[in-house]
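Take a look at the structure below.
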Amino acid sequence: MPQPDTLVLYCRAGFESECATELTERAAQAGFYGYPKFERNSGYACFHLAAPGSALALVQAIEFRSLIFTRQWIASFPCLEELPTKDRLTPIGRLVAELPQCSELLVEAADTTEGRELQGFCRKFGSALASYLRQQGMLLPRKQRADWRLHLFVLSGQRMWLGVSPVRNGSPWPMGIERLKFPADAPSRSTLKLEEAWHWFVPRSQWDSRLAGGMRAVDLGAAPGGWTWQLVKRGMFVTAVDNGPMSPQLMDSGQVEHRREDAFVFQPGKPVDWMVCDVVEKPARTAAMVIDWALNGWAREMIFNLKLPMKQRYREAEQCLRRIVAALEEAGVGFRLEARQLYHDREEITCWLMLAPGR
Ligand SMILES: C[S@@+](CC[C@H](N)C(=O)[O-])C[C@H]1O[C@@H](n2cnc3c(N)ncnc32)[C@H](O)[C@@H]1O
């Protein structure tokens with residue numbers, strides 16, 4: 001009987017190498033060895049473990065939220081090749097019986113053009129497979145709590161990966177993508193980056209205290225105002241720093257002060273609740289500016305992008321984050337720092353930094 005000895009990692013197409021490198025390093029730190037394999041622009045990477053059946057242990061040993069480039073992971077059997085089109089359900093069912101019990105089945109494809117063409121198949125086949133598995137008692141009733149989610153990652157009608165992800169240590173979204181609706185009156189599509197960042201980094205139950213009306217925020221590189229729009233929508237007062245023009249409607253809110261200044265020189269008169277930054281700049285320069293803000297205690301929480309260079313993207317991201325950690329640790333500042341390549345991020349990652357209260 002085959003065993004789950006592969007991690008299938010969903011990622012942004014074009015970032016398979018970063019995703020694979022990050023996971024390989026993190027697995028080795030946790031004492032798991034293997035080798036990565038991926039095809040460029042396929043929207044996923046694999047990590048084949050040396051020890052048979054150890055994929056389930058690995059997805060419990062690493063904290064999912066600590067990974068930057070992995071949207072979702074599944075501890076999977078070896079790829080199912082040449083599934084018979086006449087009866088795919090029986091061979092899949094035989095393998096499902098070997099996996100931990102699940103109540104939810106996700107039939108997914110890569111976030112690529114080819115993957116999108118498979119969405120119809122995924123929907124139809126997913127509902128047939130779910131009914132079959134439920135009838136056979138291999139999938140728990142929908143409402144029953146389970147510790148694992150069952151995934152079928154479809155490459156074609158004949159080739160699929162079958163595996164599970166831990167409910168409490170994985171992405172809650174199909175394909176690891178949180179779908180957000182573009183708000184019609186927001187001044188730019190970038191608005192969704194900040195909204196998605198909040199969804200990922202700030203638990204919903206804390207929005208009313210951490211993203212509260214009356215708070216003060218600074219938006220660096222704000223024009224035309226997509227991020228400022230989100231802050232204003234939460235009832236905050238925003239200093240928008242950018243030489244470019246801000247959306248006139250946003251300025252009409254009366255909650256925005258526009259400062260035509262250099263984001264890297266700007267200093268707030270007094271500390272604010274939030275600093276957000278979407279300036280297109282070398283990541284090392286952004287990191288240095290964030291360190292400055294943190295050491296001066298100018299903002300309690302920060303969300304900023306690190307725009308990644310063409311080459312060595314993983315190394316560059318890692319070095320910038322390490323630099324921030326080292327500077328704050330050396331200064332004895334308490335903090336939390338997380339980073340993730342969000343769905344709405346392109347050649348960049350989004351970082352969240354929160355300073356410990358009472359500094
Ligand atoms: C990606 S856009 C920001 C989009 C914005 N977050 C939104 O949602 O509408 C980057 C902005 O950074 C601004 N920018 C670039 N360098 C800057 C600097 N040194 N100081 C202030 N703004 C800068 C640009 O003028 C541009 O408007």
Side-chain angles (χ1 to χ4, degrees), residues 12 14-15 178-202 211 215-269 272-294 296 298-299 301-310 313 316-317 320 324 339-353:
R12 181 174 191 85
F15 283 82
E178 178 162 25
R179 308 266 171 195
L180 297 172
K181 206 166 159 264
F182 176 67
D185 50 342
S188 71
R189 284 205 71 80
S190 292
T191 197
L192 292 179
K193 284 196 281 183
L194 184 58
E195 186 180 348
E196 190 187 352
W198 282 342
H199 279 281
W200 185 254
F201 295 117
V202 184
L211 296 167
M215 280 184 164
R216 299 174 54 80
V218 170
D219 183 357
L220 300 175
W227 286 29
T228 295
W229 185 90
Q230 292 286 347
L231 296 157
V232 165
K233 203 170 120 230
R234 296 296 307 170
M236 296 192 205
F237 292 93
V238 186
T239 305
V241 182
D242 202 306
N243 267 319
M246 293 292 289
S247 142
Q249 278 128 302
L250 199 50
M251 296 308 296
D252 288 347
S253 68
Q255 284 167 244
V256 183
E257 180 198 1
H258 184 187
R259 300 271 289 265
R260 292 180 183 275
E261 291 176 39
D262 184 344
F264 292 93
V265 175
F266 176 84
Q267 297 184 3
V272 294
D273 300 288
W274 280 91
M275 182 274 265
V276 297
C277 175
D278 191 21
V279 172
V280 182
E281 226 338 314
K282 287 201 179 68
R285 192 166 183 220
T286 304
M289 191 255 300
V290 164
I291 291 171
D292 216 21
W293 273 71
N296 283 295
W298 286 335
E301 293 196 56
M302 303 179 214
I303 283 179
F304 54 96
N305 278 324
L306 295 179
K307 315 281 176 189
L308 299 179
M310 291 302 286
R313 296 183 295 197
E316 184 70 31
C320 287
I324 297 173
R340 180 166 175 83
Q341 187 174 42
L342 301 171
Y343 174 62
H344 293 95
D345 284 337
R346 288 171 181 267
E347 304 289 311
E348 63 198 332
I349 60 169
T350 297
C351 310
W352 163 74
L353 176 66

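Counting starts at 1 for both ligands and their atoms, following the listed order. Not measured: the values here are computed from a predicted model.
Atoms of ligand 1 found under 4.0 Å from any heavy atom of Gly226, numbered from 1 in the order shown, are 7 (C), 8 (O), 9 (O). Near Glu261, meaning under 4.0 Å from any of its heavy atoms, are these atoms of ligand 1: 20 (N), 21 (C). Shown in contact with Val279 at under 4.0 Å from a heavy atom are these atoms of ligand 1, numbered in order with element: 12 (O), 15 (C), 16 (N), 17 (C). Applying the 4.0 Å criterion to heavy atoms of Pro224 picks out, from ligand 1, the atoms 9 (O).
From Glu195, atom CD reaches atom CG of Leu342 across 11.5 Å, with rounding to the nearest 0.5 Å. Lys307 contributes atom NZ, which lies 14.0 Å from atom CZ of Arg313 (distance to the nearest 0.5 angstrom). Remark: Cys351 SG to Asn305 CG distance equals 7.5 Å, nearest 0.5 Å. Put simply, CG on Asp278 and NZ on Lys193 are 3.5 Å apart, with the number rounded to the nearest 0.5 Å.
Ring-plane geometry between Trp293 and Phe266 is classed as parallel, the angle between the planes falling under 30 degrees on a 0 to 90 degree scale with a further cut at 60.
Looking at Phe264 against ligand 1, only its side chain comes within 4.0 Å, counting heavy atoms.
Considering backbone and side-chain atoms alike, Ala223 places an N or O below 3.5 Å from some N or O of ligand 1. Of the N or O atoms in Asn243, none lie within a sub-3.5 Å distance of an N or O in ligand 1. Taking any N or O of Ala263, backbone or side chain, at least one lies under 3.5 Å from an N or O belonging to ligand 1.
In this structure a side-chain-to-backbone donor-acceptor pair under 3.5 Å is present from Glu196 to Tyr343. Using modelled atom types, one side-chain atom of Trp227 and one backbone atom of Ser190 make a donor-acceptor pair closer than 3.5 Å.
For the ligand labelled ligand 1, residue Pro187 lies outside the 4.0 Å heavy-atom shell.
For CZ of Arg216, the number of neighbouring non-hydrogen atoms (other residues, nucleotides, ligands) closer than 6.0 Å is 12 at most.
Considering only non-hydrogen protein atoms, atom 6 (N) of ligand 1 sits nearest to Asp278 OD2, 2.8 Å. In this structure, the protein non-hydrogen atom closest to atom 19 (N) of ligand 1 is Asp262 OD1, 2.9 Å. At the top of the distance list for atom 26 (C) of ligand 1, counting protein heavy atoms only, stands Asp242 OD2, 3.4 Å.
Among Gly221, Ala186, Ser188, Ser247, the residue whose heavy atom sits closest to atom 22 (N) of ligand 1 is Gly221.
Annotation: salt bridge (Lys or Arg N to Asp or Glu O under 4.0 Å) contacts involving residues 253-267, sequence neighbours excluded, comprise Glu257-Arg259, Arg259-Glu261.
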